[in-house]
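Below: one structure, written as structure tokens.
Ligands are counted one by one from 1 in listed order, and the atoms in each one are counted from 1 as well.
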Amino acid sequence: MSPPPLRRLRTDILILGSGGAGLFAALHAHQAAPELSITVAVKGLLGKCGCTRMVQGGYNVALAEGDSVERHFMDTIEGGKWLSDQDLAWTLVTTAVERIHELENELGCFFDRNPDGTVHQKAFAGQTFDRTVHKGDLTGIEIINRLAEQVWSRGIERLEEHRAIELVRTADGSALAGVLMIDMRDGGFVFVEAGAVLLGTGGGPTMYKFHTPSGDKSCDGMAMALRAGLALRDMEMVQFHPTGLLAGAGTRMTGTVLEEGLRGAGGHLLNGAMERFMGRYDAKLERATRDIVSRSIYSEMRAGRTSPNGGVYISMAHLGPAQVARQFKGMVERCEDCGFDLAGGLVEVVPTAHYMMGGVVFRPDCTTALPGLFAAGEDTGGVHGANRLGGNGVANSTVFGGIAGDSMAAWLRRHPEQRVADEAAIRDSIARHEAPFAKPAGDLEPIREALFDCMWEDVGVLRDADGLRRALARLEALDGRLQQVGVADDDRAFNLTWHDWLNLNSLIAVSRVIATAALAREDSRGAHFREDFPQTDDLASSSYIVVRQGADGVALTREPVRFTRVAPGQTLLETV
Ligand SMILES: Cc1cc2nc3c(=O)[nH]c(=O)nc-3n(C[C@H](O)[C@H](O)[C@H](O)COP(=O)(O)OP(=O)(O)OC[C@H]3O[C@@H](n4cnc5c(N)ncnc54)[C@H](O)[C@@H]3O)c2cc1C
């Protein structure tokens, strides 16, 4: 069957991804310049995919009396172990205030309230003030539903089930000309020429055996950025959430997050011998930060003190099953769907890869090193440093998504000229993406399983040089295997095997970068723990790791952190 011919479209602003970053960018661009054509291209269906929809806990913002943006900033910088770009972090905490008012007053989100009518803000780990705005434990659905309605009502174009595969430059390489995609519905290639493009595909560490992000995420944006020669930073920083549901093999529910509030409310973690083990690792017991609890659980697992499926248990029953069912309705129902009694029994849990702090190097106005390309949300690096506070993820995507929309509109006023794409680059990319159809068909499942195991065992919660070197060799071999495996069915329409192949291609490329950066960072901080270098180096001389894909592999440099607002040992808070 011959594939559909290459289609060509043109738009002023092209937005890749429809999470918090993508949808906010679309709305702001439309508000700033209603005369511009705006197109949102997304791998899934607009409003139904990505991780913003999955946000449970909530949104960090300094609103309440007694809190301040300075306090939110200090929590963010200290949580990030002083690796963050401070101008990005400052933009996050200050613009979050404006963004939450926009969400409530302009977009119509309802968040939980106190009896006096003020917005309820709950506690989240690692913060010195209760500042997490939420709607029960289903905050993301409220945000994405309202954003999607607003986008639908404004005549913004949609390319749903369109997978971006290549950032295409002009022939002289000086700027971005557009994006090549696959229309997943018929499998044809589509080139979208655009004046400005937002990379908002949301990262997503789905290369780990246990992971939380939505299935549509496979680090495509980061892989495209690497191929386009862009720099990525902090890629060694992968956050594990300590309590992913362990529902056994054969269910996609395994890895799904059981929220932090369970431990915050007094839940106990028990190993396979029914011992409450956290006392062995941290005085704060189950209320220690995510990284510490993840490492503690992993250590119990490695020592063989596991539950039947190889994890540990979370137990809430001592708090009273009726109370637990009231307080954590969503969690209790989700566990019940999988056959577990969270309120009154034991539920097996395991650390699960949750969030990538690293990503494309970008500036506070969301510009990147490639003129015409903007970036926002989980595809970017630098906001969170070595660790992200729970609640700062959705703030990050909505804050910078909105800024990107404003910036793209302003940029197009200054650069209205059309840019012509490098046709040879389009042809090359199509040939590379079609290559699997010309190869002998094979089974992708063993490659996926091997990738899961490699990243979990050697680039996971606890790392050392031997494991990371082993991982790099395993990843090289896996890449070689993948490049030999073909896709049997040449019918391109909704060809899920082809898309699985492409997912693995992106994931292996980004995994190699994570392992390279993790081997290079010879100290432990935040989410990155080296058993052979357990110390944290001097904070005042901190540097961050920048990677680029070169012709001969991954090139790596170190850049000193610029403490533009506060240096280690100082604070922005008034001290009495
Ligand atoms: C279970 C869970 C719970 C969470 N809870 C919280 C919380 O309580 N508080 C918090 O602050 N953060 C939380 N987070 C993190 C938060 O969801 C993310 O940080 C944030 O929402 C990411 O927004 P984004 O717009 O960058 O990406 P996403 O919302 O993930 O959107 C990415 C979009 O890109 C699309 N896409 C992907 N690849 C392509 C491609 N090749 N071409 C076109 N489109 C593509 C996807 O389909 C999707 O539409 C949670 C995450 C998970 C997984």
Side-chain angles (χ1 to χ4, degrees), residues 14-25 40-61 92 96 122 124 132-135 137-141 143-144 147-148 159-167 179-184 192 197-206 211-224 239 241 243-245 255-261 330 334 352-357 359-360 375-380 383-384 388-401 404 499 502-503 506:
L14 174 63
I15 290 167
L16 305 179
S18 69
L23 295 183
F24 249 104
V40 179
V42 49
K43 204 170 172 182
L45 298 176
L46 192 147
K48 301 288 180 206
C49 55
C51 288
T52 307
R53 197 179 169 80
M54 299 165 81
V55 164
Q56 301 169 349
Y59 191 120
N60 288 346
V61 53
L92 171 78
K122 66 179 173 185
F124 246 27
T132 308
V133 173
H134 64 108
K135 176 161 175 102
D137 57 9
L138 299 172
T139 310
I141 292 182
I143 291 177
I144 284 292
L147 281 170
L159 291 173
E160 294 178 301
E161 293 172 324
H162 277 63
R163 173 186 194 133
I165 55 170
E166 208 80 72
L167 303 173
V179 178
L180 185 65
M181 305 184 188
I182 297 171
D183 178 347
M184 298 165 76
V192 185
V197 174
L198 176 71
L199 194 68
T201 66
T206 54
H211 59 251
T212 66
S214 56
D216 49 319
K217 299 218 294 191
S218 51
C219 293
D220 293 345
M222 293 182 187
M224 285 191 285
Q239 182 175 71
H241 195 293
T243 53
L245 178 65
T256 311
V257 162
L258 296 185
E259 75 144 296
E260 199 151 280
R334 182 171 304 171
T352 176
H354 189 45
Y355 189 90
M356 297 170 80
M357 274 68 74
V360 174
E378 207 179 321
D379 271 344
T380 63
V383 180
H384 310 292
R388 171 188 70 101
L389 299 181
N392 268 0
V394 63
N396 175 45
S397 58
T398 55
V399 159
F400 287 102
H499 288 284
L502 298 174
N503 289 346
S506 295

Which atoms of ligand 1 have any heavy atom of [X] under 4.0 Å away?
X	value
His162	42 (N), 43 (C)
Gly17	33 (C), 34 (O), 35 (C), 44 (N)
Gly391	9 (N), 10 (C), 11 (O)
Gly58	7 (C), 8 (O), 9 (N), 10 (C), 11 (O)
Val394	10 (C), 11 (O), 12 (N)
Glu378	18 (C), 19 (O), 22 (C), 26 (O)
Arg163	41 (N), 42 (N)

Tell me, do [X] and [Y] make a side-chain contact under 4.5 Å, heavy atoms counted?
X	Y	answer
Thr380	Phe400	no
Leu199	Val360	yes
Glu378	Tyr355	yes
Thr256	Met54	no
Val394	Thr139	no

field: Closest contact, heavy atoms only, Ser506 versus Asp220
entry: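 Between these two residues, the closest heavy atoms are OG-OD1, 2.9 Å.
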- prompt: Which heavy atom of Arg388 sits nearest a heavy atom of Met357, and at what distance?
  reply: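 Heavy atoms of Arg388 and Met357 come nearest at N-SD, 3.6 Å.
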[X] versus ligand 1: do any nitrogen or oxygen atoms come within less than 3.5 Å of each other?
X	result
Cys51	yes
Ala376	no
Met224	no
Asp379	no
Gly57	yes
Gly377	no
Gly393	yes
Gly20	yes
His354	no
Ala164	yes

Non-hydrogen atom of Glu259 closer than 4.0 Å to ligand 1: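 Contact check Glu259 vs ligand 1: negative.
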task: Examine ligand 1 and decide if any of its atoms is less than 4.0 Å from a heavy atom belonging to Gly200.
output: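 Gly200 counts as a contact of ligand 1 under the 4.0 Å cut-off.
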For [atom], grab the closest protein heavy atom and report residue, atom and distance to one decimal in Å.
atom	value
atom 3 (C) of ligand 1	Met54 O, 3.4 Å
atom 25 (O) of ligand 1	Ala21 N, 3.0 Å
atom 37 (C) of ligand 1	Thr201 O, 3.5 Å
atom 12 (N) of ligand 1	Arg388 NH1, 3.2 Å
atom 46 (C) of ligand 1	Asp216 OD2, 3.0 Å
atom 41 (N) of ligand 1	Asp220 OD2, 2.8 Å
atom 45 (C) of ligand 1	Lys43 CB, 3.6 Å
atom 29 (O) of ligand 1	Thr52 OG1, 2.5 Å

Short question: side chain of [X], backbone of [Y] - any donor-acceptor pair under 3.5 Å?
X	Y	result
Asp216	Gly44	no
Thr352	Gly255	yes
Ser397	Gly377	no
Lys122	Gly57	yes
Asn60	Gly390	yes
Arg53	Gly47	yes
Gln239	Ala353	no
Asp137	Gln56	no

Is it the side chain, the backbone, both or neither of [X] that has a heavy atom closer than 4.0 Å to ligand 1?
X	result
Tyr355	side chain
Val55	both
Ser397	side chain
Asn392	backbone

field: Derivation of the side chain to side chain contact (heavy atoms under 4.5 Å, CB included) call for Val55 and Ile143
entry: CA-CA 9 Å; Val55 164; Ile143 291 177; 5.8 Å; no
message: Regarding Glu160 and Lys43, does a basic nitrogen lie under 4.0 Å from an acidic carboxylate oxygen?
response: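 No, no charged N to carboxylate O under 4.0 Å.
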task: Apply the test side chain to side chain contact (heavy atoms under 4.5 Å, CB included) to residues Met181 and Arg163: give CA-CA distance (whole Å), side-chain angles for both, the deciding distance (0.1 Å), then the verdict.
output: CA-CA 5 Å; Met181 305 184 188; Arg163 173 186 194 133; 5.9 Å; no
field: Proximal candidate to atom 5 (N) of ligand 1 [heavy atom criterion; set Gln56, Glu160, Gln239, Met181]
entry: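 Comparing heavy atoms across Gln56, Glu160, Gln239, Met181, the nearest one to atom 5 (N) of ligand 1 lies in Gln56.
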